[in-house]
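This report concerns only the one structure given below.
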Amino acid sequence: MGESREFRNTLALITNLFAGVPSLSQTAARWMGRSASRMYLSQKDPISCWRLGLEHSGKNYSYLGVQLLTRKSCQVLKPSKTAAWGKRRAWICKQLRMVGFVFGLMGSFFLLDSVMLTVVHHISFRNGHFRSKEWQMQDGGSGYDINVENTEKLMYERLIKLAHTALAKNELQEDPFSQWKEPYEQASSWKPCADKSSSTDKSSSVVHQENVMNGSGFILVSANGGLNQQRVAVCNAVAIAAMLNASLVLPKFLYSSVWKDKSQFGDIYQEDYFINLLKDDVRIIKELPFHLQSLDLESIGSQVSDMDIRKESKPIYFSKVIRPLLLRNGVVHFLGFGNRLAFDPLPANLQKLRCKCNFHAFKFVPRIQEIGSLLLKRIRKYNYRVSELDKQLLGNHMPSNLLVGNNISGKPLKYLALHMRFEMDMVAYSVCDFGGGAKERRELQAYREIHFPTLVTRMKENASFSPAELRKLGRCPLTPEEAALMLSALGFKQRTYIYLAGSDIYGGRSRMLPFTTLYPNLVTKEDFLTPSELAPFRNFSSQLAALDFIACATADVFAMTDSGSQLSSLVTGFRTYHGRGRAPTLRPNKKRFAKILSQNGTLEWIEFEERVRKMIEENQRVQVRPRGRSIYRLPRSPGCMCKASERNLEHL
């Protein structure tokens with residue numbers, strides 16, 4: 001009886017060891033079952049035999065597939081064979097213990113291996129996800145790899161501590177989105193009118209069509225820079241072509257070692273829409289006539305680089321210098337053409353044409369509109385058009401399906417879009433110091449020597465490049481830390497939903513830490529669009545910039561850190577032109593802000609807050625474009641935007 005119980009306990013122990021490894025437990029049970037099915041125990045034992053996976057009668061006991069049957073199902077052993085069987089059973093028990101130990105040890109190793117693989121996989125996933133969310137410097141493949149550290153870089157530690165305290169107190173105060181609005185009564189009195197035709201415009205169009213037949217020649221344009229610089233260049237070229245009564249060949253975009261984008265006009269904008277919208281103002285063709293394509297434009301003097309034209313040249317230059325070239329050779333090629341046409345003085349019809357080009361003629365291709373619509377739908381968690389800005393940018397690709405998410409209010413989530421111009425090229429070109437020490441200065445100087453050799457030469461010739469003086473004059477782009485302090489002073493709460501454009505932040509995670517500790521709800525297009533949705537835009541920085549343009553232009557509030565940036569400038573103008581007085585923009589005065597920050601050691605938070613708010617409020621005043629300023633950023637100008645009379649306002 002005792003031996004029989006020991007035998008059963010041994011088998012139970014082995015099967016329990018194999019419980020975590022199903023394949024091993026089944027194999028062991030099958031092997032033990034075949035042996036046990038031939039065993040006969042004493043009739044006094046309550047369990048008389050073992051059997052595996054066979055049909056049986058009587059009471060059933062189960063140990064991981066080994067079935068125990070009552071003695072009614074087994075043959076009874078003769079007394080003469082009992083002694084011999086006892087020895088055999090002892091030997092089998094010993095072997096089973098050894099097998100059990102071996103299999104148990106193997107099972108333990110398998111279990112340990114499985115646990116270790118799980119832990120390693122979990123750690124790798126977390127690290128991979130973390131790296132994808134870090135703000136890493138990408139210099140377009142220049143070969144510089146800035147080490148990303150976990151320690152934050154602080155220039156204004158005292159103010160950052162005060163900001164943390166202020167944010168904790170601000171959670172129950174007024175919604176900052178309701179605080180920062182355009183002066184609606186004044187802003188809404190200005191209406192878009194660059195696409196409106198007057199009787200004078202119609203008569204001018206007839207004259208234009210007649211002059212086209214006897215045009216002065218053809219203008220080629222190769223625009224440099226990124227998406228927004230190219231946009232400005234194209235509209236300037238349209239105005240010059242109209243001024244010189246020339247036909248414009250659809251502009252080409254130059255490949256840049258900084259932007260590394262091979263996109264052409266038709267990859268970003270709808271060509272036919274652009275040509276048709278402007279057909280009454282200027283003749284635009286897709287290719288240069290065949291008989292002119294073989295000309296060596298440089299050898300005949302018809303190639304004009306941006307080094308040959310002064311920045312913001314007046315119309316008289318183009319009449320005296322460029323027109324004779326057109327009449328002599330029939331074609332002129334503007335190479336690297338950018339901001340070469342002055343804003344003033346310029347005839348009203350050409351100023352209006354510039355606005356018509358910038359605010360009406362550029363429509364993104366359907367692929368960009370579709371993904372842009374998807375991006376907005378996911379940011380807002382809302383499916384309806386919110387403003388005229390949506391219509392202008394997305395065309396027929398408006399959000400149509402309600403996205404089920406965390407939004408239970410039935411209203412779109414409000415968000416602030418921030419263009420943080422702190423990429424490697426901007427930081428290096430500024431020649432400012434950002435508190436990163438000798439290593440940072442060496443990295444920036446090495447980048448300048450490769451990408452901005454002319455700047456390096458000027459620095460050597462002019463010893464007045466003092467980083468401290470440049471900061472004092474407001475020439476330095478705001479750091480993420482300074483941007484966070486500005487938003488804190490303006491009352492934006494810690495939970496504010498912030499969309500970040502221009503996410504290749506120089507300095508990586510350590511540079512972003514002061515910002516993300518104050519404002520953790522920071523998102524980019526990569527957070528809302530899947531890798532497969534973004535795949536067609538990879539390696540095309542201008543097309544990715546188009547998505548940022550859409551998200552910034554349609555935001556509830558748009559804030560910038562550098563007003564000299566073309567993206568910030570064009571987004572500001574687009575919101576002013578199509579925003580209908582409900583698209584506020586926050587623009588810091590960097591010189592004033594630098595003066596405020598210079599008192600970091602003594603300034604109390606309430607005074608800091610008051611001075612920053614006053615700085616932003618003064619830049620939100622509704623006014624007519626000052627002479628000489630960009631009409632692309634400040635479109636409130638006769639011919640571009642029209643101010644409605646008080647009588648007309650009553651019917652708006």
Side-chain angles (χ1 to χ4, degrees), residues 174 176-190 228 343 389 415-422 426 430 471-492 496 498-499 501-502 549 552-599 603 607-637 640-641 643:
E174 184 183 0
F177 286 99
S178 61
Q179 293 181 45
W180 295 104
K181 291 182 177 180
E182 286 191 281
Y184 179 73
E185 185 175 346
Q186 297 94 330
S188 61
S189 66
W190 287 90
N228 301 289
F343 290 104
L389 291 161
Y415 72 99
L416 177 146
L418 173 66
H419 183 217
M420 192 178 292
R421 188 70 169 93
F422 203 73
M426 179 69 172
S430 71
R471 183 170 295 280
K472 186 178 180 180
L473 294 173
R475 304 282 180 83
C476 301
L478 299 191
T479 66
E481 178 185 2
E482 291 169 336
L485 287 171
M486 179 182 75
L487 295 180
S488 301
L490 296 178
F492 286 95
T496 301
I498 300 176
Y499 177 90
F549 187 99
C552 289
T554 56
D556 295 278
V557 174
F558 172 63
M560 67 186 78
T561 61
D562 185 71
S563 58
S565 160
Q566 284 287 14
L567 173 63
S568 295
S569 179
L570 292 180
V571 166
T572 299
F574 203 88
R575 289 169 64 83
T576 299
Y577 191 86
H578 290 295
R580 298 184 175 180
R582 290 189 169 89
T585 296
L586 309 179
R587 181 171 64 89
N589 181 316
K590 291 190 295 180
K591 185 176 181 179
R592 286 182 60 179
F593 196 38
K595 185 176 181 180
I596 296 171
L597 290 172
S598 67
Q599 301 172 31
L603 204 60
E607 184 182 354
F608 176 77
E609 189 178 65
E610 181 181 344
R611 291 174 66 178
V612 171
R613 290 182 177 226
K614 186 176 180 180
M615 172 189 71
I616 296 295
E617 287 170 354
E618 289 180 0
N619 280 333
Q620 284 192 305
R621 292 174 179 170
V622 176
Q623 59 181 345
V624 178
R625 178 184 69 92
R627 182 178 174 84
R629 301 293 295 278
S630 170
I631 202 165
Y632 304 124
R633 187 176 77 184
L634 303 168
R636 293 188 182 107
S637 179
C640 190
M641 295 187 76
K643 190 171 184 180

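Met486 and Met560 make their closest contact through CE-O, 3.9 Å (heavy atoms, listed as atom of the first residue, atom of the second, distance). Between Arg575 and Thr585 the shortest heavy-atom distance is NE-OG1, 3.5 Å. Contact between Gly581 and Ala187 at its shortest, heavy atoms only, is CA-CB, 3.7 Å. Looking at every heavy atom in both residues, Pro477 comes nearest to Asp562 through CA-OD1, 4.5 Å.
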Can you list the steps and then say if Ile616 with Trp180 is a side-chain contact (heavy atoms from CB on, under 4.5 Å)? CA-CA 10 Å; Ile616 296 295; Trp180 295 104; 3.9 Å; yes
Decide yes or no on side-chain contact (heavy atoms from CB on, under 4.5 Å) for Val571 and Phe558, but give the supporting numbers first. CA-CA 9 Å; Val571 166; Phe558 172 63; 3.7 Å; yes
Stepwise, does the side-chain contact (heavy atoms from CB on, under 4.5 Å) test hold for Met615 with Asn589? CA-CA 7 Å; Met615 172 189 71; Asn589 181 316; 4.0 Å; yes
Verify side-chain contact (heavy atoms from CB on, under 4.5 Å) between Phe608 and Leu485, making sure each step is shown before the conclusion. CA-CA 9 Å; Phe608 176 77; Leu485 287 171; 4.1 Å; yes
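In this structure, the side chain of Ser569 does not engage the main chain of Gln566 through any donor-acceptor pair within 3.5 Å. Side-chain atoms of Asn619 come within 3.5 Å of backbone atoms of Arg587 as a donor-acceptor pair (strictly under, hydrogens ignored). At distances below 3.5 Å, at least one donor-acceptor pair connects side-chain atoms of Arg633 with backbone N or O atoms of Ser563. Side-chain atoms of Glu182 come within 3.5 Å of backbone atoms of Ala583 as a donor-acceptor pair (strictly under, hydrogens ignored). A donor-acceptor pair under 3.5 Å is absent between the side-chain atoms of Ser568 and the main chain of Ser565, judged by distance alone.
With sequence neighbours excluded, the residues that form a salt bridge (charged side-chain N to carboxylate O under 4.0 Å, His left out) with Arg611 are Glu607. Listed by chain and residue number, Gln179 satisfy the side chain to side chain donor-acceptor pair (under 3.5 Å) test with Arg613 (two or more places apart in sequence, or in another chain). Annotation: salt bridge (charged side-chain N to carboxylate O under 4.0 Å, His left out) contacts of Glu609 (sequence neighbours excluded): none. Partners of Arg421 by salt bridge (charged side-chain N to carboxylate O under 4.0 Å, His left out), not counting sequence neighbours, listed by chain and number: Glu423, Asp425. Arg471 pairs by the salt bridge (charged side-chain N to carboxylate O under 4.0 Å, His left out) definition with Glu482, not counting sequence neighbours.
Between the OG1 atom in Thr572 and the CG atom in Leu586 there is a gap of 9.5 Å [rounded to 0.5 Å]. Atom SG in Cys552 sits 12.0 Å away from atom CG in Leu389 (nearest 0.5 Å). The distance from atom CG of Leu487 to atom CG of Leu416, rounded to the nearest 0.5 Å, is 6.0 Å. Note that the OH atom of Tyr577 and the OH atom of Tyr632 stand 13.0 Å from one another [nearest 0.5 Å]. In this structure, Thr496 OG1 and Leu418 CG are separated by 11.5 Å, a value rounded to the nearest 0.5 Å. We find the OG1-CE distance between Thr561 and Met420 to be 6.5 Å, quoted to the nearest 0.5 Å.
Between Thr554 and Tyr499 there is no side-chain heavy-atom pair separated by less than 4.5 Å.
Separation of the Phe574 and Phe549 ring centroids falls under the 6.0 Å cut-off.
Crowding of Glu610 atom CD: a count of heavy atoms from other residues, nucleotides or ligands under 6.0 Å not exceeding 12.
Listed by first and then second residue, the salt bridge (Lys or Arg N to Asp or Glu O under 4.0 Å) pairs involving residues 620-632 are Asp344-Arg625 (not counting sequence neighbours).
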